[in-house]
Amino acid sequence: VVKLSSLGDVIHALPALTDAAAQLPAVRFDWAVEWSFAQIPAWHPAVERVIPVALRRWRRKPLQALRGPEWRRMRDALVARPYDAVVDAQGLIKSAVISRLARGPRWGMDGRSAREGIAATLYSQRVAVPRDLHAVERIRVLFARTLGYPRPETAANFGIEGAAARQVLAPPQLVFCHGSARAEKLWPVEYWSELARLAVSAGCRVCLPWGSAVERERAQWLAATDGDVVEVMPRLDLAGLARRLQQAVAVVAVDTGPGHLAAALGVPGVSLYASTSPQRVGTLGPGQVHLVAHDGAMTGIAPGRVWAALEPLLAAEHR
């Protein structure tokens, strides 16, 4: 399997592996993935080996990278064994190039289905996949047609619930996944502050993860309002983040990887969308609520609306 990035996209591929393992119990996967997300595939029981790729870092000095030990290790890992199928689950030129390095017939979406249609020219077998499906369902279709089984009609099963045991803490903790690399996905910091005040007034503790200096500054600004009950979390790897998410009563997230991780782990959540569609990339899992800014701007989602969506989730956890 080649699914390199980003965090949410990697998580979207997991249910297809669960389907394949249920239909073909002997199947095992190796997974080529960006090194910063390599922990995620390793949590799935059908994944035998994770092959780290560092394209994001290598592209800064490509000639040096091609002569370096990391590239050689990745290339050697990809050719170490012949594969029955090499499945590019991303449909980009970069993922198609990586898939071409592996030994075996290369499968991917056809030119009309792939995110970058030209990527299909590098596959030996091409699969038509409807573009109007959720990203998770598109990959489930790709795997079913590649490996020759009927696409299951069951709900998506990410297969990683055991990565961290669910243990909701008291007082109830809410995790605010406030960061995104795309500015149009960000919710105004003043709105996060107002939502934090509503949560604290209801007896909740607010936890703020971060993954960059900008996100850390935003979290510190929010925590300055009440540092006793608004916590800036330490920088965590994905396993550490998963453990903290599993301790939360619920999550509030913009369209960002940690929100998808929380949903895949079975944590209820409210997700906020403006420039992206929840029908295509929304969180999937129990207790997921999607709020959409119909004017196309995140300012169109008021803090009171988010709190109103959160309250039933909090009540459900305490039944």
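Any value given below was found using the heavy atoms of this structure, including those in side chains, with hydrogens, waters and symmetry copies removed.
- Smallest separation of non-hydrogen atoms from Pro25 and Arg28: O-NH1, 3.3 Å.
- Side-chain contact between Arg280 and Glu137 is absent, with no heavy-atom pair separated by less than 4.5 Å.
- Under the side chain to side chain donor-acceptor pair (under 3.5 Å) criterion, the residue pairs touching residues 69-79 are Arg57-Glu70, Trp58-Glu70, with sequence neighbours excluded.
- The hydrophobic cluster containing Leu208 does not contain Val214, counting ILVMFWY residues as joined when their side-chain heavy atoms lie under 4.5 angstrom apart, directly or transitively.
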- [ ] Show the numbers, then the answer: is there a side-chain hydrogen bond (donor to acceptor under 3.5 Å, both in side chains) between Asp30 and Tyr83?
- [x] CA-CA 9 Å; Asp30 291 351; Tyr83 292 105; 2.6 Å; yes
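- No side-chain donor-acceptor contact under 3.5 Å links Gln173 to the backbone of Gln247.
- A distance of 8.0 Å separates CG in Leu92 from CG in Asp9, rounded to the nearest 0.5 Å.
- Residue Ile118 places its CD1 atom among 12 or fewer non-hydrogen atoms of other residues, nucleotides or ligands, all under 6.0 Å distant.
- In this structure, the side-chain contact (heavy atoms from CB on, under 4.5 Å) partners of Thr18, at least two apart in sequence or on a different chain, are His44, Asn157.
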Open item on the list: Assess the residue pair Glu116 and Lys94 against the criterion (salt bridge (Lys or Arg N to Asp or Glu O under 4.0 Å)); give the C-alpha distance rounded to whole Å, side-chain angles, the decisive distance to 0.1 Å, and a yes or no.
Closed with: CA-CA 10 Å; Glu116 294 178 353; Lys94 65 179 182 180; over 6 Å; no
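- A donor-acceptor contact shorter than 3.5 Å is absent between the side chain of Thr276 and the backbone of Tyr273.
- The main-chain N or O of Gly179 is found under 3.5 Å from a side-chain atom of Thr256 such that the two form a donor-acceptor pair.
- Proximity of Ile51 to Met74: side-chain heavy atoms (C-beta onward) are separated by under 4.5 Å at one or more points.
- Without hydrogens or angle criteria, Gln90 side chain to Leu4 main chain gives a donor-acceptor distance under 3.5 Å.
- Shown here are the side-chain contact (heavy atoms from CB on, under 4.5 Å) partners of Ala297, two or more places apart in sequence or in another chain: Asp295, Thr299.
- Every salt bridge (charged side-chain N to carboxylate O under 4.0 Å, His left out) that Lys185 has, sequence neighbours left out, goes to Asp255.
- Cluster annotation: Trp221 is connected to Trp187 through the hydrophobic network of ILVMFWY side chains, with a link wherever side-chain heavy atoms come within less than 4.5 Å.
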TODO: For Leu186 and Tyr191, run side-chain contact (heavy atoms from CB on, under 4.5 Å): C-alpha distance rounded to whole Å, both residues' side-chain angles, the deciding distance at 0.1 Å, then the answer.
DONE: CA-CA 10 Å; Leu186 295 175; Tyr191 287 20; over 6 Å; no
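- A 4.5 Å side-chain heavy-atom check between Trp107 and Leu147 finds every atom pair outside the cut-off.
- Side-chain contact between Leu314 and Cys204 is present, with at least one heavy-atom pair separated by less than 4.5 Å.
- The main-chain N or O of Leu142 is found under 3.5 Å from a side-chain atom of Thr146 such that the two form a donor-acceptor pair.
- To the nearest 0.5 Å, the span separating CD1 on Ile301 from CG on Leu272 amounts to 4.5 Å.
- The hydrophobic clustering, which links ILVMFWY residues whose side-chain heavy atoms are closer than 4.5 Å, places Leu7 and Val175 together.
- To the nearest 0.5 Å, atoms CG (Leu310) and CG (Leu174) are separated by 6.0 Å.
- Put simply, the side chain of Gln288 gets close to the backbone of Pro286: a donor and an acceptor are under 3.5 Å apart.
- Listed for the Glu34 side chain is no donor-acceptor partner under 3.5 Å among the backbone atoms of Pro52.
- Taking 4.5 Å as the limit, some side-chain heavy atom of Leu14 sits within range of a side-chain heavy atom of Ile40.
- Between Tyr149 and Ala16 the shortest heavy-atom distance is OH-O, 3.8 Å.
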Task: Stepwise side-chain hydrogen bond (donor to acceptor under 3.5 Å, both in side chains) check, Arg197 with Ser201 - done: CA-CA 6 Å; Arg197 283 193 288 270; Ser201 297; over 6 Å; no
- [ ] Begin from the C-alpha positions of His260 and Leu284 and carry the test side-chain contact (heavy atoms from CB on, under 4.5 Å) through to its verdict.
- [x] CA-CA 8 Å; His260 291 284; Leu284 295 180; over 6 Å; no
Open item on the list: Let's go through Cys207 and Phe176 carefully: what are the C-alpha distance in whole Å and the side-chain angles of both, what is the deciding distance for side-chain contact (heavy atoms from CB on, under 4.5 Å) to 0.1 Å, and is it a yes or a no?
Closed with: CA-CA 6 Å; Cys207 304; Phe176 288 179; over 6 Å; no
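- For the atom pair CG of Asp237 and OG of Ser36, the computed distance is 11.5 Å after rounding to the nearest 0.5 Å.
- Contacts classified as side chain to side chain donor-acceptor pair (under 3.5 Å) and involving residues 207-218 (residues at least two apart or in different chains) are given here: His178-Arg218.
- Checked by atom type and distance alone, the side chain of Lys3 pairs as donor or acceptor with a backbone atom of Ala89 at under 3.5 Å.
- The nearest pair of heavy atoms linking Val270 to Leu291 is CG1-CD1, 3.7 Å.
- For the pair Val79 and Leu101, the minimum side-chain heavy-atom distance is 4.5 Å or more.
- Under the 4.5 Å side-chain heavy-atom criterion for grouping Ile, Leu, Val, Met, Phe, Trp and Tyr, Leu238 is not connected to Val53 through any hydrophobic cluster.
- For the residue pair Pro45 and Gly159, the shortest heavy atom distance occurs at CD-O, 3.5 Å.
- Of the inter-residue distances, the one linking Ile11 atom CD1 with Thr283 atom OG1 reads 11.0 Å to the nearest 0.5 angstrom.
- Residues Val2 and Val87 form no side-chain contact, since every pair of their non-hydrogen atoms from C-beta on lies 4.5 Å or further apart.
- Gln23 and Pro152 get closest at one heavy-atom pair: NE2-CG, 4.4 Å.
- Atom CZ of Arg112 sits in a sparse spot, with 12 or fewer heavy atoms from other residues, nucleotides or ligands closer than 6.0 Å.
- Between atom CG of residue Leu24 and atom CG of residue Asp84 there is a gap of 10.5 Å, rounded to the nearest 0.5 Å.
- Within the structure, every pair that satisfies the side chain to side chain donor-acceptor pair (under 3.5 Å) test and touches residues 120-134, not counting sequence neighbours, is listed here: Asp88-Tyr123.
- A donor-acceptor contact shorter than 3.5 Å links the side chain of Ser99 to the backbone of Ala96.
- Linking Ile, Leu, Val, Met, Phe, Trp and Tyr residues whenever their side-chain heavy atoms come within less than 4.5 Å leaves Met109 and Val86 in two separate clusters.
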- [ ] Using the side-chain contact (heavy atoms from CB on, under 4.5 Å) rule, take Val251 and Cys177 through it: C-alpha gap first, then chi angles, then the decisive distance, then the call.
- [x] CA-CA 7 Å; Val251 168; Cys177 300; 3.8 Å; yes
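- The shortest side-chain heavy-atom distance between Val230 and Val200 falls under the 4.5 Å cut-off.
- Judged by distance alone, the side chains of Trp43 and Gln39 never bring a donor and an acceptor atom under 3.5 Å apart.
- Panel note: side chain Arg49, backbone Ala42; no donor-acceptor pair is recorded below 3.5 Å.
- Among all heavy-atom pairs drawn from Val136 and Ala156, the shortest one is CG1-CB, 3.8 Å.
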